[in-house]
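Remarks on the structure that follows.
Heavy atoms only: backbone and side chains are in, while hydrogens, waters and symmetry mates are out. Naming convention: chains lettered A, B, ... in sequence-line order (proteins, then strands); numbering from 1 in each chain.
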Protein chains: 2
Amino acid sequence: MAKKLSLGYKVFLTHSGNLNMPTSPTPLQDQADRFARAREAQSVALLEDYVELIGDLHAELGEARVADIAQRMGVAQPTATKAIARLKREGLATSRPYRGVFLTEDGSAMADRVRSRHRTIVAFLIAVGVPEDVAETDAEGIEHHVSGHTLKAFERFLAQRD
Amino acid sequence: MAKKLSLGYKVFLTHSGNLNMPTSPTPLQDQADRFARAREAQSVALLEDYVELIGDLHAELGEARVADIAQRMGVAQPTATKAIARLKREGLATSRPYRGVFLTEDGSAMADRVRSRHRTIVAFLIAVGVPEDVAETDAEGIEHHVSGHTLKAFERFLAQRD
DNA sequence: CGTGAAAGATAGCCAGTGCTATACCTTCTG
DNA sequence: CAGAAGGTATAGCACTGGCTATCTTTCACG
Ligand SMILES: [Mn+2]
Ligand SMILES: [Mn+2]
Ligand SMILES: [Mn+2]
Ligand SMILES: [Mn+2]
């Protein structure tokens with residue numbers, strides 16, 4: 001810690017902005033936990049995007065080939081292969097060499113969940129005045145950091161707006 | 001590519017995000033560009049969080065020590081040291097061994113921008129019905145993926161709501 | 001003052017996610 | 001039905017961002 005100061009109250013230092021709120025100490029640990037959660041979300045983000053995309057490809061083309069996955073993700077083919085290896089390791093997908101990629105039950109469930117969330121967020125952004133293409137771009141990153149609680153709030157907003 | 005399908009327009013797909021030009025929809029490339037942008041946002045996210053935090057620490061304690069940075073980020077001290085090395089490499093911060101970390105003009109500007117955006121997003125989430133602590137957590141990840149366009153939409157919403 | 005505890009730097013490990021180059025397998029086509 | 005073409009796997013490199021262990025420096029206090 002910086003200096004010693006009278007210590008003891010440092011435990012109650014609140015995060016950046018507030019300074020105006022009266023109560024809620026927001027201990028140091030809370031902020032660290034938030035960063036940890038964001039890091040965790042990030043580590044899951046790639047899995048989510050791949051799984052959603054593989055589901056899309058099956059729906060559109062009847063199969064998900066590595067080359068298509070790589071092209072749509074905007075990465076080189078070996079990068080996609082490596083990501084698919086991780087999906088398999090985590091029980092989200094299977095694949096037979098030179099044959100394509102398939103989602104497991106878990107992977108399929110994740111894909112549905114992720115796709116639904118993606119659509120809600122895009123619809124919500126458009127509803128608050130963001131142009132569709134911008135909404136689509138921002139949603140691709142935002143989606144991985146929106147909690148169930150926030151997602152519900154977005155859905156409420158969309159429902160009430162009509 | 002899987003199957004042959006219509007192809008033919010694939011020849012015109014250009015790499016990299018030229019964006020802004022109204023010509024040709026080419027949805028395939030668009031999606032790849034969106035993923036690329038999300039990846040880019042992620043690579044900047046850590047810098048943004050550190051820079052904002054260093055600014056906060058200077059405001060609260062008069063200095064930013066590595067131990068404080070590490071504690072608030074929820075990482076081990078060498079991890080913070082390594083991140084600070086990257087900040088220095090990118091011209092956002094300086095530091096003197098065993099002394100503390102200081103933001104450059106660029107770093108300071110980024111901190112202000114990032115802090116303002118962070119607050120706007122938290123306020124916006126609260127305004128649509130997300131509890132404060134959840135808003136604070138989700139914002140920590142979301143903030144790095146919100147474009148200027150979307151941020152403006154959030155600000156409009158906050159202004160009109162009253 | 002001197003010194004020990006705390007802060008910071010450094011070394012080295014690991015996993016993840018990019019990349020290129022190249023070898024291998026399948027498929028299409030003449 | 002033999003290649004050629006193209007899709008896929010593999011090897012190997014770079015960089016980021018975690019970690020622990022350990023060494024060095026600073027500074028507060030006895
Ligand atoms: Mn995404
Ligand atoms: Mn998505
Ligand atoms: Mn953040
Ligand atoms: Mn923030």
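- Using cut-offs of 30° and 60° on the angle between ring planes, the pair B:Phe124 and B:Phe154 is parallel.
- Closest contact between the side chain of A:Tyr98 and the listed nucleotides C:dA7, D:dG18, C:dC25 involves C:dC25.
- Listed nucleotides D:dT8, C:dA9, D:dG18 differ in distance to B:Val66; the shortest reach to its side chain belongs to C:dA9.
- Spacing between atom CZ of B:Arg99 and atom P of D:dT25 amounts to 12 Å, rounded to whole angstrom units.
- The nearest whole Å value for the distance from the CZ atom in B:Arg96 to the P atom in D:dT26 is 11 Å.
- Using modelled atom types, one finds no donor on one side chain facing an acceptor on the other under 3.5 Å when comparing B:His149 with A:Asp138.
- Phosphate proximity of C:dT26 to A:Arg65: absent, as no side-chain N or O sits under 4.0 Å from OP1 or OP2.
- The environment of CZ in B:Arg96 is sparse: at most 12 heavy-atom neighbours from other residues, nucleotides or ligands sit within 6.0 Å.
- Residue A:Thr81 places no side-chain N or O under 4.0 Å from the OP1 or OP2 atom of D:dT8.
- No side-chain N or O of B:His144 forms a donor-acceptor pair with one of A:Gln42 less than 3.5 Å apart.
- With no hydrogens or angles considered, a side-chain donor-acceptor pair links B:Ser95 and B:Lys88 at under 3.5 Å.
- When each of A:Ser95 and B:Glu90 is assigned the nucleotide of DNA chain D bearing its nearest heavy atom, the one mapping closer to the 5' terminus is A:Ser95.
- Rounding to whole angstrom units, CG of residue A:Asp68 and P of D:dG6 are separated by 15 Å.
- The side chain of A:Arg39 has D:dG18 as its nearest neighbour among D:dG18, C:dA11, D:dT26.
- With rounding to whole Å, B:Asp49 atom CG is found 10 Å from D:dG18 atom P.
- Regarding A:Glu63, its CD atom lies at a distance of 12 Å from the P atom of D:dG7, rounded to whole Å.
- Residue B:Gln77 places no side-chain atom within donor-acceptor reach of the base of C:dA7, judged by atom type and a 3.5 Å distance cut-off alone.
- Comparing A:Leu46 and A:Pro97, the nucleotide of DNA chain C nearest to each residue sits closer to the 5' end for A:Leu46.
- Following rounding to the nearest Å, B:Ile84 (CD1) and C:dT10 (C1') show an atom-to-atom distance of 14 Å.
- Remark: P of C:dT17 and CD of A:Gln42 are 9 Å apart, rounded to the nearest angstrom.
- Contact between the side-chain N/O atoms of A:Arg89 and the OP1/OP2 oxygens of C:dG16 is found at a separation under 4.0 Å.
- Taking only side-chain atoms of B:Ala76, from C-beta outward, the nucleotide of D:dG18, D:dT20, D:dG12 with the closest atom is D:dT20.
- Taking atom NZ of B:Lys82 as the reference point, atom P of D:dG18 lies 10 Å away to the nearest angstrom.
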